[in-house]
Participant: 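Quick one: structure below, then a few questions.
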Amino acid sequence: MATPTIVLVHGAFADAASFAPVTRILLDQGHTVRVPAVPNRSLLGDSAYIRSVVEQIEGPVILAGHSYGGAVITVAGAADNVVGLVYISGYALDEGESLGQLQGGFPDSDLAANLVYTPFPIEGSEPGTDVSVKVDAFPDVFAAGIDREVSEVLAASQRPLAALAFSETAPVAAWKTKPGWGIVSSADHTINPDVERFGYKRAGLRSVIEIDAPHLVMRSHPAEVAKVIADAAAELA
């Protein structure tokens, strides 16, 4: 098998730039990398979009998803040319399971008390609801461990996630047929680390490591994250 193209999938309240340090490392190592913008409108729609990106890439692809991006790659990873999955502080949903259902089995993280709900218009339909993180809480809840000045910029530029994404269920779980790797952020204040551990164990991931890191582990520990992805790509090649 040829060396896979690495597709990095960001999560909620973030964008493709959240992977910038990891992207730089992987590019410097000679990997082909793509970091598409996730619409953050619905689990099914976002997964369909990422799958369409993947299916237009020639050759094998390894998907690496952070946070909500883990749920997205769980569904989009069913594409025929996806050969592996890497979960980064992410949700490894089961078939027929939603984000809300998975999270509901564990105590809330600090995120739950620091969310903002804002209506947005949908043409010809009832308004939707955007979910974002309180700007003043963002540095400690979502970007703990990141330089304060950087985290304040991330807070001001965060991309919300439509509430619909929390209730839609995954129609497929790609980890049932594709090998996977996982990173647990043990100092995560956005997702309860036990949610990550549970999902990874249930998925039977090939390898799981724990990093004493905040939710944005790819910004605080880019070398460690890049190594997991690169090692997975090498194993698959």
Side-chain angles (χ1 to χ4, degrees), residues 5-19 23 33-57 61-104 111-112 115-133 142 154 157-178 180 190-191 195-196 199 203 215-216 218:
T5 295
I6 298 169
V7 176
L8 305 175
V9 181
H10 69 80
F13 323 129
D15 58 20
S18 63
F19 270 111
T23 304
V33 184
R34 298 289 180 267
V35 196
V38 182
N40 283 3
R41 298 294 82 189
S42 70
L43 176 61
L44 298 182
D46 295 342
S47 301
Y49 175 74
I50 293 301
R51 179 166 180 162
S52 75
V53 170
V54 165
E55 290 179 333
Q56 294 177 67
I57 295 173
V61 169
I62 183 167
L63 284 173
H66 173 251
S67 190
Y68 166 66
V72 173
I73 70 169
T74 296
V75 180
D80 288 343
N81 62 327
V82 172
V83 294
L85 310 167
V86 178
Y87 290 90
I88 305 165
S89 312
Y91 295 102
L93 297 180
D94 198 355
E95 184 175 336
E97 184 177 55
S98 68
L99 289 173
Q101 289 170 330
L102 177 54
Q103 288 190 140
L111 178 69
L115 293 174
V116 178
Y117 302 89
T118 309
F120 67 89
I122 299 178
E123 185 177 355
S125 181
E126 292 294 318
T129 301
D130 264 341
V131 183
S132 57
V133 184
F142 193 80
L154 297 176
S157 58
Q158 63 178 290
R159 293 188 62 184
L161 177 67
L164 178 62
F166 291 94
S167 59
E168 286 186 326
T169 59
V172 63
W175 49 258
K176 293 186 175 182
T177 57
K178 312 288 175 77
T190 298
I191 300 176
V195 173
E196 301 165 21
H215 188 62
L216 283 178
M218 66 278 204

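FYI, the numbering just counts along the sequence from 1. Just so it is clear, the model here is predicted, and its values are computed rather than measured. All heavy atoms count here, side chains included; hydrogens, waters and symmetry mates do not.
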Participant: Is there a side-chain contact between Tyr68 and Leu43, using heavy atoms and a 4.5 Å cut-off?
Facilitator: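 Of all side-chain heavy-atom pairs linking Leu43 with Tyr68, at least one is under 4.5 Å.
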Participant: Given the rule in the side-chain contact (heavy atoms from CB on, under 4.5 Å) test, do Ile50 and Leu63 qualify, once you have shown the distances and angles that lead to the verdict?
Facilitator: CA-CA 10 Å; Ile50 293 301; Leu63 284 173; 4.3 Å; yes
Participant: Taking Val54's backbone N and O only, do any of them form a donor-acceptor pair with Asn81's side chain (distance below 3.5 Å, no angle check)?
Facilitator: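 Judged by distance alone, yes, a pair lies under 3.5 Å.
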Participant: Does the pair Asp130/Arg159 count as a salt bridge with the N-to-O cut at 4.0 Å?
Facilitator: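 Not counted as a salt bridge, because no side-chain N and carboxylate O are separated by less than 4.0 Å.
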Participant: Return the CG to OG1 distance between Leu102 and Thr169, rounded to the nearest 0.5 Å.
Facilitator: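 That separation rounds to 13.0 Å.
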Participant: Is it true that a side-chain atom of Ser125 and a backbone atom of Ile122 form a donor plus acceptor pair closer than 3.5 Å?
Facilitator: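 Between the backbone of Ile122 and the side chain of Ser125 there is no qualifying donor-acceptor contact (under 3.5 Å).
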Participant: Is a donor on one side and an acceptor on the other found under 3.5 Å between the side chain of Arg51 and the backbone of Val75?
Facilitator: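 Side chain of Arg51 to backbone of Val75, a donor-acceptor pair under 3.5 Å: no, none is there.
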Participant: Taking the side chain as C-beta and beyond, is there a heavy-atom pair between Pro119 and Thr129 under 4.5 Å?
Facilitator: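 A side-chain contact is absent here, since even the closest heavy-atom pair is not under 4.5 Å.
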Participant: Does Asp46 reach the main-chain N or O of Asn40 with its side chain, forming a donor-acceptor pair under 3.5 Å?
Facilitator: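 Yes.
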Participant: Will you find, in the side chains of Glu196 and Tyr91, an N or O donor that is under 3.5 Å from an N or O acceptor?
Facilitator: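 The answer is no; no qualifying pair exists.
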Participant: Please give me the minimum heavy-atom distance between Ile191 and Ser89, naming the atom from each residue.
Facilitator: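 Residues Ile191 and Ser89, closest heavy atoms: CD1-O, 3.3 Å.
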Participant: Any donor-acceptor pair under 3.5 Å linking the side-chain atoms of Ser67 with those of His215?
Facilitator: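 Yes, Ser67 and His215 have a side-chain donor paired with an acceptor closer than 3.5 Å.
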Participant: Would a 4.5 Å heavy-atom cut-off, applied to side chains only, mark Trp175 and Asp94 as touching?
Facilitator: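 Yes. Closest side-chain heavy atoms under 4.5 Å.
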Participant: Does the Gln101 side chain pair with the main chain of Ser98, one donor and one acceptor, at a distance under 3.5 Å?
Facilitator: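 Yes, the answer is positive, given that a donor and an acceptor are paired below the 3.5 Å cut-off.
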Participant: Donor-acceptor pair, distance only, cut-off 3.5 Å: does the side chain of Ser47 make one with the backbone of Leu44?
Facilitator: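 No, the answer is negative, given that no donor and acceptor are paired below the 3.5 Å cut-off.
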Participant: Any sub-3.5 Å donor-acceptor pair from Lys178's side-chain atoms to Leu85's backbone N or O?
Facilitator: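 No: the side chain of Lys178 does not pair with the backbone of Leu85.
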Participant: Could you tell me the separation between the NE2 atom of His66 and the CG atom of Leu8, rounded to the nearest 0.5 Å?
Facilitator: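 Taking NE2 in His66 and CG in Leu8, the distance rounds to 11.5 Å.
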Participant: Has His10 got a side-chain atom pairing as donor or acceptor with Ala37's backbone, closer than 3.5 angstrom?
Facilitator: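 It does not hold such a pair.
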Participant: Are Tyr87 and Ile73 close enough, and set up right, to give a side-chain contact (heavy atoms from CB on, under 4.5 Å), and what steps lead you there?
Facilitator: CA-CA 8 Å; Tyr87 290 90; Ile73 70 169; 4.0 Å; yes
Participant: Would you check if the side chain of Gln158 reaches a backbone N or O of Val133 as a donor-acceptor pair within less than 3.5 Å?
Facilitator: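 Side chain of Gln158 to backbone of Val133, a donor-acceptor pair under 3.5 Å: yes, one is there.
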